[in-house]
Amino acid sequence: MATIEMKNIVKKYGDGFPAVNDVSIDVADGEFMILVGPSGCGKSTLLRMIVGLEDITSGDMLIDGERVNDLAPRDRNLSMVFQNYALYPHLTVYENIAFPLRLAKRSNKEIDEKVREASRTLDLDEHLERKPGQLSGGQRQRVAMGRAIVRDAKAFLFDEPLSNLDAKLRGQMRTEISRLQKRLGITTVYVTHDQTEAMTLGDRVAVMKRGELQQLASPRELYEQP
Ligand code: ADP
Ligand code: ADP
């Protein structure tokens with residue numbers, strides 16, 4: 001459970017035009033926030049600054065009220081799901097999901113409980129002994145989410161997680177992500193360039209353009225605008 005506050009965040013790469021320019025967004029505890037906008041508008045950069053994979057040029061990033069600008073990613077306790085799922089091809093589904101727990105040196109008993117719980121939630125119980133190469137795109141995506149949820153992270157961050165899937169699977173996964181997020185009640189920030197995803201998934205939508213925040217509203221408010 002967490003709040004994420006972005007206060008006047010600026011990111012400059014070199015001396016060019018800022019990739020992110022004075023963006024302020026508050027994400028409430030348990031909220032599903034979408035960052036949407038065309039390619040190059042700065043949404044991935046903003047997400048990476050939340051996780052700590054990118055330095056902040058100026059402004060403040062607060063998680064649960066604590067300034068995290070200088071905190072290493074591992075100390076932020078967030079969980080990021082990438083576009084390319086970054087699964088280990090030689091490990092089984094079980095071991096892929098267990099991976100962060102093995103790194104954290106948890107006991108086998110705890111690992112087993114967590115992996116089985118996550119795989120039930122994600123409907124992967126029957127595939128635990130398979131390798132990623134034997135799974136469909138949607139199943140691989142769910143394994144990546146399984147790895148994210150066993151971490152007990154404070155928040156989920158998604159970077160275009162569905163962009164490599166076909167339209168049908170994308171629709172299914174949208175429903176699943178939405179259900180999972182509501183069930184876990186976990187604060188979520190989700191980056192997409194897809195309007196449909198933005199309008200169906202989020203509690204609120206932050207619309208970005210050329211590094212700036214253009215609008216911040218619920219899907220309904222955005223929809224009802226002239
Ligand atoms: P989006 O995720 O909306 O497609 P990005 O956050 O990836 O946008 O990029 C925003 C801007 O920052 C773009 O102009 C991009 O070229 C630039 N940019 C992103 N990453 C880097 C980098 N590592 N070095 C220099 N410029 C970058
Ligand atoms: P190692 O340091 O052994 O290479 P990792 O790079 O996988 O291990 O992870 C180092 C730390 O970075 C982890 O403890 C974790 O907190 C953080 N981390 C790794 N992957 C993610 C992720 N997908 N989302 C958020 N944090 C991560």
Side-chain angles (χ1 to χ4, degrees), residues 4-27 31-63 67-74 76 78-87 137 140-141 144-145 148 153 155-167 169-170 173-174 177-178 181 187-219 221-223 225:
I4 301 171
E5 295 164 74
M6 302 167 233
K7 297 199 181 299
N8 306 103
I9 299 288
V10 175
K11 174 67 186 185
K12 288 187 181 166
Y13 293 107
D15 18 305
F17 193 80
V20 173
N21 198 1
D22 198 22
V23 169
S24 298
I25 301 173
D26 286 355
V27 189
E31 185 172 30
F32 198 142
M33 177 69 73
I34 302 281
L35 303 180
V36 68
S39 176
C41 72
K43 47 197 193 301
S44 296
T45 298
L46 191 55
L47 197 73
R48 292 166 60 82
M49 288 190 285
I50 300 173
V51 201
L53 296 173
E54 203 76 74
D55 287 336
I56 296 169
T57 306
S58 68
D60 289 314
M61 185 70 70
L62 281 70
I63 298 175
R67 188 174 182 274
V68 297
N69 289 46
D70 303 315
L71 208 59
R74 81 179 71 85
R76 297 187 189 198
L78 308 173
S79 199
M80 175 128 160
V81 180
F82 296 95
Q83 174 176 147
N84 46 1
Y85 321 119
L87 300 180
R140 281 203 289 271
Q141 181 61 57
M145 288 174 57
F156 283 164
L157 305 170
F158 290 94
D159 192 357
E160 306 242 7
L162 309 184
S163 57
N164 293 328
L165 305 180
D166 65 41
L169 206 49
R170 212 156 47 223
M173 286 304 296
R174 260 204 313 266
I177 288 177
S178 171
Q181 196 271 343
T187 309
T188 300
V189 182
Y190 185 107
V191 161
T192 182
H193 63 271
D194 182 315
Q195 297 285 340
T196 313
E197 257 169 65
M199 297 300 264
T200 53
L201 273 176
D203 295 321
R204 284 194 298 160
V205 181
V207 183
M208 292 182 66
K209 193 174 172 190
R210 284 199 218 99
E212 292 181 5
L213 178 63
Q214 294 257 299
Q215 281 180 306
L216 181 54
S218 69
E221 286 163 343
L222 287 177
Y223 187 76
Q225 267 170 16

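First listed ligand is number 1; within each ligand, the first listed atom is number 1.
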*Please report the C-alpha distance between Val51 and Arg76 in whole Å, then the side-chain angles of each, then the deciding distance to 0.1 Å, and finally whether the side chain to side chain contact (heavy atoms under 4.5 Å, CB included) criterion is met.*
CA-CA 7 Å; Val51 201; Arg76 297 187 189 198; 5.9 Å; no
So which heavy atom in the protein is nearest [atom], and how far is it from that ligand atom?
atom: atom 24 (N) of ligand 1; value: Tyr13 CD2, 3.4 Å
atom: atom 4 (O) of ligand 1; value: Gly40 N, 2.7 Å
atom: atom 6 (O) of ligand 1; value: Thr45 OG1, 2.5 Å

*asked:* Do Val207 and Leu222 have side chains that approach each other closer than 4.5 Å (heavy atoms only, starting at C-beta)?
replied: yes
_Is atom 16 (O) of ligand 1 near the protein, in the sense that some protein heavy atom lies at less than 4.0 Å from it?_
no
*Can a non-hydrogen atom of Gly37 be found less than 4.0 Å from any atom of ligand 1?*
no
*Consider ligand 1: state whether an atom of it lies below 4.0 angstrom from any non-hydrogen atom of Pro38.*
yes
*asked:* Regarding ligand 1, does Ala19 bring an N or O atom to under 3.5 Å of one of the ligand's N or O atoms?
replied: no
*Taking atom types as modelled, find out whether Tyr13 and Thr45 have a side-chain donor-acceptor pair closer than 3.5 angstrom.*
yes
*Strictly by modelled atom types, are Glu197 and Tyr190 linked by a side-chain donor-acceptor pair under 3.5 Å?*
yes
*Step through the shown structure and confirm whether more than 12 heavy atoms of other residues, nucleotides or ligands are within 6.0 Å of CG on Asp166.*
yes
*asked:* I need the atoms of ligand 1 closer than 4.0 Å to a non-hydrogen atom of Cys41, numbered in the order shown.
replied: 1 (P), 3 (O), 8 (O)
*For the pair Lys7 and Glu5, find out whether any cationic side-chain nitrogen is under 4.0 Å from an anionic carboxylate oxygen.*
yes
